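Accompanying notes for the structure given below.
All values reported here derive from a predicted model rather than from experimental measurement. Hydrogens, waters and symmetry mates play no part in the numbers below; they use all other heavy atoms, side chains included.
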There are 2 protein chains.
Amino acid sequence: MSILKILGAQLEAMTQADRQIAQFIIDDPERMLALSSAALAAATGRSQSSVVKFSQKLGYAGYQQFKLAVNKAKALEWQAPAGVIHGTIDASDSYVNILQKLIGSKLLSMRETAAANSEDMIDAALGAIVGARKTLLAGVGASSLVAKDFSYKLLKLGRTVLLDNDSHIQISNASALTKADVVVALSHSGRSLEILRIAELAKKRGATIISITGLQPNPLLALADISLHTIADEDRVRSSAITSRDAQLMLTDMLFILLLRRVPGAHDFIQHSETAVTVLKM
Amino acid sequence: MSILKILGAQLEAMTQADRQIAQFIIDDPERMLALSSAALAAATGRSQSSVVKFSQKLGYAGYQQFKLAVNKAKALEWQAPAGVIHGTIDASDSYVNILQKLIGSKLLSMRETAAANSEDMIDAALGAIVGARKTLLAGVGASSLVAKDFSYKLLKLGRTVLLDNDSHIQISNASALTKADVVVALSHSGRSLEILRIAELAKKRGATIISITGLQPNPLLALADISLHTIADEDRVRSSAITSRDAQLMLTDMLFILLLRRVPGAHDFIQHSETAVTVLKM
DNA sequence: CGAAATGAGGAATATTATATTCCTTTGCGT
DNA sequence: ACGCAAAGGAATATAATATTCCTCATTTCG
C-alpha cells in the first residue's frame with residue numbers, strides 16, 4: 001500500500017506535529033522530495049528532530065529511507081491507471097494521457113490483428129511466399145510504406161521481390177506474373193483502385209493472391225486466394241491512419257519472423273545484408 | 001526515462017571509475033539504494049568523491065537526487081505488463097509464443113520511447129516544427145520509411161516538407177536551408193553518413209536540427225539542437241530492425257498527434273486531405 | 001488535590017553523509 | 001620529450017541526519 005495512502009489513513013491518530021508534517025507531504029509530495037529534513041521542518045513550522053522521529057515512527061530507519069518510500073509511491077502513482085488506457089484522444093487531454101491512449105490504441109490493434117489471423121491462414125500465406133518464384137508487393141499511400149518495409153525484409157531473406165512506386169510499372173509487373181508467383185496486396189479498406197487492378201490482373205495470370213485487408217467485406221478480399229486481416233481502430237486515434245498502419249506492420253512482422261524459421265539459410269542471408277549495411281555506417 | 005537504461009546505454013562511453021560504479025548499480029539497484037555514497041564507493045573500490053561526481057555527470061544535483069531517480073526507475077520497472085511476454089524469439093517457439101513475444105517487444109519499446117522523451121523536449125521539437133518555414137526530413141533505410149510516413153502526416157497539416165529518396169538531392173536541399181528552417185534527422189544509430197552530411201550542412205546554414213536517435217552517444221546527437229530518443233530492443237526480436245522502427249513511429253506519431261493541437265486549423269486540413277484520398281477509393 | 005509518571009516536542013549536539021577543493025597521475029597531442 | 005587536459009583519489013568543508021537531553025503539558029494514582 002502506498003505510503004501516501006497510509007499517511008492519509010493515520011492522519012487522525014497522529015500527534016499534532018506529526019499530523020502537520022504528514023499533511024504537508026500529502027498535499028505536495030513532489031515538493032517534499034526536494035526538501036531536507038531541516039527544510040521540511042521549517043516549511044511545516046516544526047523541528048528537524050520531529051521530522052526524523054516522524055519517519056522513524058512510521059517504521060523507516062530514518063528520513064532518507066522514508067523519502068525513498070514517498071518517491072516510490074509517487075512514481076507508481078504516476079502510472080496508476082494500471083494497464084493501458086484506450087480511448088479517443090482529444091484536444092483537452094494532458095500529455096501523459098495522450099501517450100497512454102496512443103499506446104493503448106496501438107497495442108489493441110496489434111493484439112486484435114494477431115488474434116484475427118488463424119495459424120492455418122498464416123501458414124498458408126507463408127507456404128505461398130516460400131514456394132513462390134517471385135513475390136509482388138502492392139500498396140499505395142501509407143500501405144506502400146508497409147509494403148516497402150516488408151520488401152526489405154524479404155530481400156534480406158534472399159527472396160525475389162517486385163515493388164515499385166509507380167502504379168503503371170506495378171501493373172505491367174503484374175501482367176508478367178505466372179502461376180508460380182505470389183501477390184501480397186495491402187489495403188486496409190480493400191478498395192484502393194490501383195491495388196484492385198493489380199490483383200485482378202495477377203489473378204488472370206494465375207498468380208496466388210494474398211490479401212491483407214480489414215475484416216469488412218471488400219472487393220480485394222473477394223479476389224484473394226489467401227486472406228489475412230488487419231484490425232484498426234481509426235476513430236479512436238482520430239484523423240489518421242496510425243493504427244491501420246501499425247496493424248499492417250504487425251502482420252508483416254509476424255510473417256517475417258515466421259519466415260525466418262522456414263526459409264533455409266535465413267540467418268546467413270541476414271548476416272550478410274547487415275554486414276553490407278554496416279559498411280555505410282562509419 | 002529509466003535511469004537504469006540510460007546507464008546501460010552509456011556504459012561503453014564511460015570512464016573506468018564511472019563504468020564500475022554504473023555496473024554495480026545496474027547489477028543490483030536495490031542494494032545500491034541502501035548504500036551511502038561512501039559505502040557505494042567502498043563496494044565498487046572507487047572513491048566517495050567519484051561517486052558524487054558520477055551522479056553529477058549524469059545531470060543530477062548530487063548523489064541523493066540520483067538515488068531518488070534510481071529508486072523511481074526500480075519502482076516503475078515493477079510494472080508487469082499483464083499478460084505480455086517479453087523475451088528472445090527463437091526457432092523452437094510456438095506460434096502463440098512468438099506472437100506474444102513480438103507484441104511484448106513492440107509494446108516495451110513504445111513505452112520506453114514514450115518515457116525517454118521529456119515533455120519539455122517534445123515541446124521544444126513541436127515549437128520548432130510549428131515555427132519552421134520548411135521542414136526537411138532525413139532518413140535512410142528503414143528510417144526513410146518512417147520519414148516518409150511522417151512527411152505524409154505533416155503534409156496533411158499543411159506544412160511544407162522536403163523529403164527525397166535520392167541522397168544527392170537531399171544534400172542539395174539541405175544546403176538551401178536557412179535559419180528559419182528545421183531538419184528532422186532520423187537514425188537509430190546516429191551514425192548514418194548521409195544523414196550526418198545533411199545535418200552538418202543544414203547546421204552550417206543555421207537551420208535547427210532535431211535528432212531522433214538511440215540513447216547512446218553518437219555523432220548526430222552531438223549536432224542536434226533538440227534531441228529526441230528512440231529505445232529499441234534489437235537483441236530480443238533478433239536479426240531485424242523491427243523495434244527500432246516501431247520506436248521511431250511511436251515518436252513521430254506522438255509528434256503528429258501533439259501537433260494537431262498546435263497547428264491552427266489542423267482539423268480542416270485533415271478533412272480536406274481525406275476527402276481527396278477517398279475519391280481514389282471507388 | 002497534588003506529586004509522580006509519561007510522552008510530545010524542541011534545542012543542542014554528535015554523528016554521518018555529501019559536496020568541493022586540491023593535488024597527483026596518466027594519457028594524448030604537439 | 002613537453003605541456004595540457006582529463007580522471008580520479010585524498011583531504012577538507014559543508015550540510016544533513018540521528019540522538020540525546022531537556023522542558024512542559026497532560027494524565028494518573030495515591
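The interatomic distance linking A:Lys67 (NZ) with D:dA18 (P) rounds to 11 Å, in whole Å. Atom CD1 in A:Ile21 sits roughly 13 Å away from atom P in D:dT17 (whole-Å rounding). Atom OH in A:Tyr63 sits roughly 18 Å away from atom C1' in D:dT19 (whole-Å rounding). Nucleotide C:dA19 holds its P atom 14 Å from the OH atom of B:Tyr60, rounded to whole Å. When rounded to the nearest whole Å, the span between CD of B:Gln20 and C1' of D:dA7 equals 13 Å. For the pair B:Met14 CE and D:dA6 C1', the computed distance is 17 Å after rounding to whole Å. Note: CG (B:Leu35) to P (C:dT16) measures 16 Å, nearest angstrom. One atom, CZ of A:Phe54, and another, P of D:dA18, lie 14 Å apart when rounded to the nearest Å.
The local environment of CZ in B:Arg197 is sparse, with at most 12 non-hydrogen atoms from other residues, nucleotides or ligands closer than 6.0 Å. By the 6.0 Å contact criterion, NZ on B:Lys179 is open, its count of non-hydrogen atoms from other residues, nucleotides or ligands being 12 or less. Within a 6.0 Å sphere centred on CD of B:Gln16, other residues, nucleotides and ligands contribute 12 heavy atoms or fewer.
Residue B:Gln56 places at least one side-chain N or O under 4.0 Å from the OP1 or OP2 atom of C:dT20. Applying the 4.0 Å criterion to OP1 and OP2 of D:dT17, one finds that A:Ser37 has a side-chain N or O inside that range.
For B:Asp246, the salt bridge (charged side-chain N to carboxylate O under 4.0 Å, His left out) test picks out B:Lys106, with sequence neighbours left out. Annotation: side chain to side chain donor-acceptor pair (under 3.5 Å) contacts of B:Ser144 (sequence neighbours excluded): none.
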Could you check B:Asp253 against B:Lys153 for salt bridge (charged side-chain N to carboxylate O under 4.0 Å, His left out), going step by step and ending with a plain yes or no?
CA-CA 9 Å; B:Asp253 289 345; B:Lys153 294 194 170 65; 3.7 Å; yes
What string of B, S and - do you get for nucleotides 7-12 of chain C, 5' to 3', when a contact is any protein heavy atom under 4.0 Å?
-SBBB-
